[in-house]
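Because the structure is predicted, anything quoted here is derived from the model rather than measured. So you know, we letter chains A, B, ... as the sequences are listed, proteins then strands, and number each from 1.
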Number of protein chains: 2
Amino acid sequence: MRSERGQRDTPRRRDLIEIATDLISEIGYEQTTVRMIADRMGIKSGSLYSHISSKEDVLYKIILDVADDFLERADRATEGVHDPEERLRALCRSHLEMIRDRRPAVRVYFDEWRKLGDANQAEVIRLRERYEDGFRLAIADGIETKAFDADPQLGARVLLSTLNWAPSWYVADGKLSPREVADQLLEVILRGLYTRG
Amino acid sequence: MRSERGQRDTPRRRDLIEIATDLISEIGYEQTTVRMIADRMGIKSGSLYSHISSKEDVLYKIILDVADDFLERADRATEGVHDPEERLRALCRSHLEMIRDRRPAVRVYFDEWRKLGDANQAEVIRLRERYEDGFRLAIADGIETKAFDADPQLGARVLLSTLNWAPSWYVADGKLSPREVADQLLEVILRGLYTRG
DNA sequence: CCTACCGATCGGTAGG
DNA sequence: CCTACCGATCGGTAGG
């Protein structure tokens, strides 16, 4: 039962995860060695294994945490918001805020999830689907209330593609806030979805 | 001078590149070993080096070729087309055709370009920028001729994000042709860019 | 294209 | 958390 110690959430383990997140986001999961992580922690590589059970465990922890955070933020942002357009706006803002707040972890989430084993990968996909369904539902609702007019799948595809690609173009340099960017983005996309009539 | 032999474009070398493309697209660059490539060619791993000079050379060849192909197809597709909207339509169709025709190589292009060394990476970025500029120019032209009304950067961002993310959602399963998908996509995005007046 | 091998490095473990 | 190490595997080379 001693291996359970490695799974508990201790401050030292959190350090490890944060250091690993930075490294993996910079040079990739495969190129990040357990020795690099240990070096930055100021310990020997063998000592890592009193905090973790394997290298993949670290990756899984990082990615799962991002998936959860995306979902939690989305839930909080849309709490009590019923208008479909306002829901979409809140979801987009929340998404961009997440990128702003946790850029390295978000990069790992998008770039490295394929490196997980099959079971872990399946869980991440499940969470991502649940997250994206929030967007799809808001768009479908918008169409039902006759505010939008378009293939809901197509509209969701355009919006989610733009958001999923956002780590490549959205730099939180202080010039534009997540709120402003989300509003600009939705101005174009919603106008495209609105019925002409 | 003997190492030059490894750089020439021979049928055997083309086999190697194709096999490597499939492997890398399936399991990633790092996980693909020179021994796996050699196995699929039916030779020993050491013998690979009469065709290539290094593993990264293979990756660079694959990615550079995709970047070139994207550009060539775009040039051909827009030859003599002057209307901005028609140019955009041709560019989108060409992009989706490329994904349909060369999916594994395209995946390597999008997923693995960061694994290249700095110099090679810079060249790939240069070509990608040139490719994307074709889209940006068409949108800017559309705005200048008063057909579109929006921040050209924003419109290009939405369109290019959707296209760059397309390997994740566009499956050429025979149901929808690149032409049909491009038209549907542009219907939403262009409507979003069109001025209300 | 093969045999035979290289130095380096990898993730991970045993036993303090 | 350390020392000391493990078997495995990596990309690549020499010399046919």
Side-chain angles (χ1 to χ4, degrees), chain A residues 1-21 23-24 26-63 108 112 114-120, chain B residues 1-21 23-24 26-63 108 112 114-120:
Chain A
M1 289 294 151
R2 75 207 147 147
S3 74
E4 286 197 351
R5 284 212 63 216
Q7 310 288 10
R8 265 212 291 266
D9 188 26
T10 63
R12 204 67 180 126
R13 184 176 148 96
R14 268 194 290 275
D15 288 348
L16 191 161
I17 297 287
E18 192 185 327
I19 285 167
T21 301
L23 274 166
I24 295 172
E26 282 161 20
I27 63 175
Y29 175 65
E30 309 291 338
Q31 278 108 317
T32 300
T33 68
V34 293
R35 280 160 181 84
M36 292 179 194
I37 299 170
D39 276 355
R40 288 208 185 178
M41 293 182 74
I43 62 179
K44 296 295 171 184
S45 67
S47 307
L48 283 182
Y49 291 87
S50 54
H51 302 290
I52 62 173
S53 60
S54 73
K55 193 188 171 193
E56 182 179 330
D57 250 38
V58 176
L59 182 63
Y60 184 53
K61 169 73 172 69
I62 295 169
I63 291 179
V108 174
E112 311 288 354
R114 278 170 224 272
K115 307 283 168 55
L116 293 171
D118 288 344
N120 289 344
Chain B
M1 291 293 152
R2 73 208 148 147
S3 74
E4 286 198 350
R5 283 213 64 217
Q7 308 288 10
R8 264 212 291 266
D9 189 27
T10 63
R12 203 69 178 124
R13 184 176 147 95
R14 268 194 290 275
D15 287 348
L16 191 161
I17 298 287
E18 193 184 327
I19 286 167
T21 301
L23 274 167
I24 295 171
E26 283 161 20
I27 63 176
Y29 175 65
E30 309 290 339
Q31 280 107 316
T32 299
T33 68
V34 293
R35 280 163 181 81
M36 292 178 196
I37 299 170
D39 277 354
R40 289 209 185 176
M41 291 182 75
I43 61 178
K44 297 295 171 183
S45 68
S47 307
L48 283 181
Y49 291 87
S50 54
H51 302 291
I52 61 173
S53 60
S54 73
K55 192 188 171 193
E56 183 180 329
D57 249 40
V58 175
L59 182 64
Y60 184 53
K61 168 73 171 71
I62 296 169
I63 291 179
V108 173
E112 311 288 354
R114 278 171 225 272
K115 308 284 168 53
L116 293 171
D118 289 344
N120 289 344

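Only one option out of A:Val108, A:Thr32, A:Thr21 pairs with A:Leu59 in a side-chain contact (heavy atoms from CB on, under 4.5 Å); it is A:Val108.
When each of C:dG12, D:dC2, D:dG12 is scored by its nearest atom to the side-chain atoms of A:Ile43, the top-ranked nucleotide is D:dC2. Checking D:dG12, C:dC1, C:dG12 against the side-chain heavy atoms of A:Arg35 singles out C:dG12 as nearest. Comparing C:dT13, D:dG11, C:dC1 by their nearest atom to the side chain of B:Thr33 picks out D:dG11.
Between A:Leu48 atom CG and D:dA4 atom C1' there is a gap of 16 Å when expressed in whole angstrom units. If you measure from atom CD1 of A:Ile52 to atom C1' of C:dG11, you get 9 Å, rounded to the nearest angstrom. If you take OH of B:Tyr49 and P of C:dC6, they are 18 Å apart, rounded to a whole angstrom. Between the CE atom of B:Met36 and the P atom of D:dC10 there is a distance of 6 Å, given to the nearest Å. Put simply, CG on B:Leu16 is 12 Å from P on D:dG12, counting in whole angstrom units. Straight-line distance from the NZ atom of B:Lys55 to the C1' atom of D:dT13: 17 Å, rounded to whole Å. What separates CD of B:Gln31 from C1' of D:dT9 is a distance of 14 Å, to the nearest Å. At whole-Å resolution of the value, CD in B:Glu30 and C1' in C:dT9 are 13 Å apart.
In the displayed structure, B:Glu18 atom CD is contacted under 6.0 Å by at most 12 heavy atoms of other residues, nucleotides or ligands. In the displayed structure, B:Gln31 atom CD is contacted under 6.0 Å by more than 12 heavy atoms of other residues, nucleotides or ligands.
In a base pair of the Watson-Crick type (N1 to N3 plus N6-O4 or O6-N4) or a G-U wobble (N1-O2 and O6-N3), with each distance short of 3.5 Å, C:dG12 is matched with D:dC5.
The 5' end of DNA chain C is approached more closely, in terms of each residue's nearest nucleotide, by B:Ser47 than by the other of B:Ser47 and A:Ser47.
Here the straight-line distance linking atom CZ of A:Arg14 with atom NE2 of A:His51 works out to 12.5 Å at 0.5 Å rounding.
Between B:Lys61 and B:Ile17, the shortest heavy-atom distance links the atoms CG-CD1, 3.5 Å.
A:Lys44 comes within 4.0 angstrom of a base, heavy atoms only.
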